[in-house]
Amino acid sequence: MQHFPVFLDLRGQTALLLGSGEQAEAKATLLAAAGAAIRRADSFTPALLDGIVLAIGAGTAEAELVALAAACRARGIPVNVVDRPALCSALLPAIIDRAPMTIAVSSGGAAPVLARLVRQKIEAVLPPGLGLIAALAERWKAAIRQRLPALGPRRRFLEQVLEGEPSRRAAAGDAAGADRAMAAALASAEERPRGMVHLVGAGPGAGDLLTLRALRLLGEADVIVHDRLGCEDALGMARRDAERIFVGKRRGDHCLPQDGINALLVRLAREGKRVVRLKGGDPLIFGRGGEEAEALAAAGIPCEVVPGVTAALACAAGAGIPLTHRDAARAVTFVTGHRREGGVDLAGLVQPGVTLAIYMGIAMLRPIHDALLAGGMSPAMPAAVIERGGTPGQRVLRGTLAEMLAQAPGWVTEGPALLLVGEAVGRATPAWASAA
Ligand code: SAH
């Protein structure tokens, strides 16, 4: 971290403003809004620093600004000289003022315009009436703390009411209604933490293909139990102090066996934690989400599934391949090329007008190819292998089924990779492939 962010309470304090002009006036307005008394001067003398807690310089001679900065540093007084990062010990961020809520953004002086753009983006997603909502929380702070002394249940309660009826009323300016709704919610609040598990799909591995619900749950989780595949971006967006437990599943290399994962989820939920079980793609497609949901149900633990963009959809979009097409495919089948019992059983799936999306198939290409041919498929059937589909590292190999067999094993690098086969694969329009 380049700078330590801090918010100053300037009410009843004095700040020095050295200089004049448009920028100095803007800072004077800000200081006044924060309740500071302002001492103003155009040239620097050391006595100006007596009793001040902050100094700002703008719009006066260079020598005055340099003297101000040096004297402040010597006396440990935070100083900001507008547009002169080298002279600053304190930076003034771009701010959003929704008192009592203040949001500040700084680029550390590197790119103030960028900081302002970021501020605009934040502003666009803030709920209206944010200040009123924060004021509601402040009014109820003591009562909530008294009723819910334990941190976990209190935080959960606040998250609920701050996105629920009380805050909607507060934001609409109905403070009395907001207080009534808050009182009702508090009366029925649960004191005991109640654990639950969310089976969350992380999508193919690109952060911007997460669902908004996944993003919210990642921000609320106490603990995240995750795989390797597709989870990095999502983990980067999770609550910073959430515990992260890697149970890395790779084919044939289970860091924790499935029973152990099930038991872990049950134990964490019983401790009252909000658990996010994060899985690549969609949790219910070759992700063993079903087995985990069964284990949780058997243990009486509430469980919610949040769908994710599964590899077949991400790969098709990324490679510009229609999975169905009125002239070429009326069905699409998601199938694994890897069975628990070993062997592949794909011949029965070969039908005209069906696109096959074969997961976990690259290591099994020869038996897959043979099974498809045994089912009557032509070796000239259009096919594609997509590696890391839907992510910035996506690669696409196009050709026929026979070509995939010959080329894909040497072509795939780290994976993961998916095989798509069928007439519709020949209808690829790479031009509309999404820019990953
Ligand atoms: N639940 C996941 C699938 C897990 S099985 C989902 O819905 O996508 C693991 C297999 O999924 C891999 O062997 C590979 O075939 C496929 N896969 C997962 N992510 C992929 C990606 N980004 N690109 C291509 N294939 C992927």
Side-chain angles (χ1 to χ4, degrees), residues 198-211 214 225-235 246-255 258 261 276-293 305-321 323 332-340 342 344 346 349 355-365 367-369 372 383-398 404-405 408-409 411-422 425 428 433-436:
H198 301 270
L199 298 177
V200 176
D208 56 358
L209 284 178
L210 275 176
T211 63
V225 178
H226 65 94
D227 298 343
R228 186 193 318 270
L229 211 60
C231 292
E232 287 94 348
D233 275 21
L235 285 170
F246 174 60
V247 291
K249 279 205 236 167
R250 280 164 90 190
R251 202 169 38 80
D253 165 28
H254 289 192
C255 153
Q258 188 60 48
I261 297 175
V276 164
R277 170 72 175 108
L278 190 66
K279 292 164 171 292
D282 181 90
L284 301 181
I285 296 182
F286 310 124
R288 305 199 185 170
E291 293 171 45
E292 291 171 13
V305 181
V306 180
V309 176
T310 189
L313 304 186
C315 290
I321 293 170
L323 291 172
V332 50
T333 302
F334 296 172
V335 58
T336 170
H338 175 87
R339 283 202 310 167
R340 214 194 249 187
V344 274
L346 293 172
L349 296 176
T355 307
L356 296 179
I358 304 177
Y359 290 67
M360 295 175 279
I362 300 307
M364 305 285 282
L365 267 182
I368 288 170
H369 167 271
L372 294 176
V385 169
I386 300 101
E387 183 178 44
R388 276 172 279 152
T391 77
Q394 169 179 294
R395 297 166 69 223
V396 183
L397 182 68
R398 299 168 201 277
M404 292 306 114
L405 174 65
W411 175 84
V412 170
T413 52
E414 306 155 28
L418 183 93
L419 172 64
L420 291 174
V421 198
V425 181
S434 60

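Counting starts at 1 for both ligands and their atoms, in listed order.
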(request) Could you tell me if any non-hydrogen atom of Arg388 lies under 4.0 Å from any atom of ligand 1? (result) yes
(request) Under 4.0 Å from a heavy atom of Asp282: give me the atoms of ligand 1 that qualify, with their elements. (result) 1 (N), 6 (C), 7 (O)
(request) Give the residue and atom name of whichever protein heavy atom lies nearest to atom 5 (S) of ligand 1, and the separation in Å to one decimal. (result) Phe286 O, 3.5 Å
(message) What protein heavy atom lies closest to atom 7 (O) of ligand 1? Include the residue and the distance to one decimal.
(response) Thr310 OG1, 2.6 Å
(message) Return the closest protein heavy atom for atom 11 (O) of ligand 1 as residue, atom name and distance.
(response) Tyr359 CD2, 3.4 Å
(message) If the test is side-chain contact (heavy atoms from CB on, under 4.5 Å), which one of Thr333, Val421, Ile358 qualifies with Leu349?
(response) Thr333
(request) Report the nearest protein non-hydrogen atom to atom 3 (C) of ligand 1: residue, atom name, distance rounded to 0.1 Å. (result) Ile285 O, 3.5 Å
(message) I need the single residue from Gln258, His226, Arg277 that forms a side-chain contact (heavy atoms from CB on, under 4.5 Å) with Val247. Which is it?
(response) Arg277
(request) Decide yes or no for Leu313 and Asp282: does some side-chain heavy atom of the first lie under 4.5 Å from some side-chain heavy atom of the second? (result) no
(request) Any atoms of ligand 1 less than 4.0 Å from a non-hydrogen atom of Cys315? List them with their elements. (result) 23 (N), 24 (C)
(request) May I ask you to identify the nearest protein heavy atom to atom 13 (O) of ligand 1, giving residue, atom name and distance to one decimal place in Å? (result) Met360 CG, 3.2 Å
(request) Decide yes or no for Leu405 and Ile368: does some side-chain heavy atom of the first lie under 4.5 Å from some side-chain heavy atom of the second? (result) no
(request) Check for a donor-acceptor pair, side chain of Glu387 on one end and backbone N or O of Glu414 on the other, with a separation under 3.5 Å. (result) yes
(message) Do Pro307 and Thr211 make a side-chain contact, defined as non-hydrogen atoms from C-beta onward lying under 4.5 Å apart?
(response) no
(request) Pick, from Gly389, Gly308, Ala202, Gly393, the option with the minimum heavy-atom distance to atom 23 (N) of ligand 1. (result) Gly389
(message) With heavy-atom distances below 4.5 Å as the criterion, would you say the side chains of Arg395 and Trp411 are in contact?
(response) yes
(message) Tell me the closest heavy-atom pair linking Ala408 and Leu365, and the distance in Å.
(response) CB-CD1, 3.6 Å
(request) Please name the pair of heavy atoms, one in Leu419 and one in Ala383, separated by the smallest distance, quoted to 0.1 Å. (result) CD1-CB, 4.5 Å
(request) Just jot down the ligand 1 atoms closer than 4.0 angstrom to any heavy atom of Ile386, in number order. (result) 24 (C)
(message) So, 4.0 Å and heavy atoms of Ala314: is ligand 1 close enough to count as a contact?
(response) no
(request) Take every heavy atom of Gly280, measure it against each atom of ligand 1, and state whether any distance is under 4.0 Å. (result) yes
(request) Give the atoms of ligand 1, by number and element, whose distance to some non-hydrogen atom of Pro204 is under 4.0 Å. (result) 22 (N)
(message) Please state which option from Pro416, Ala417, Ala311, Ala312 has its nearest heavy atom closest to atom 15 (O) of ligand 1.
(response) Ala417
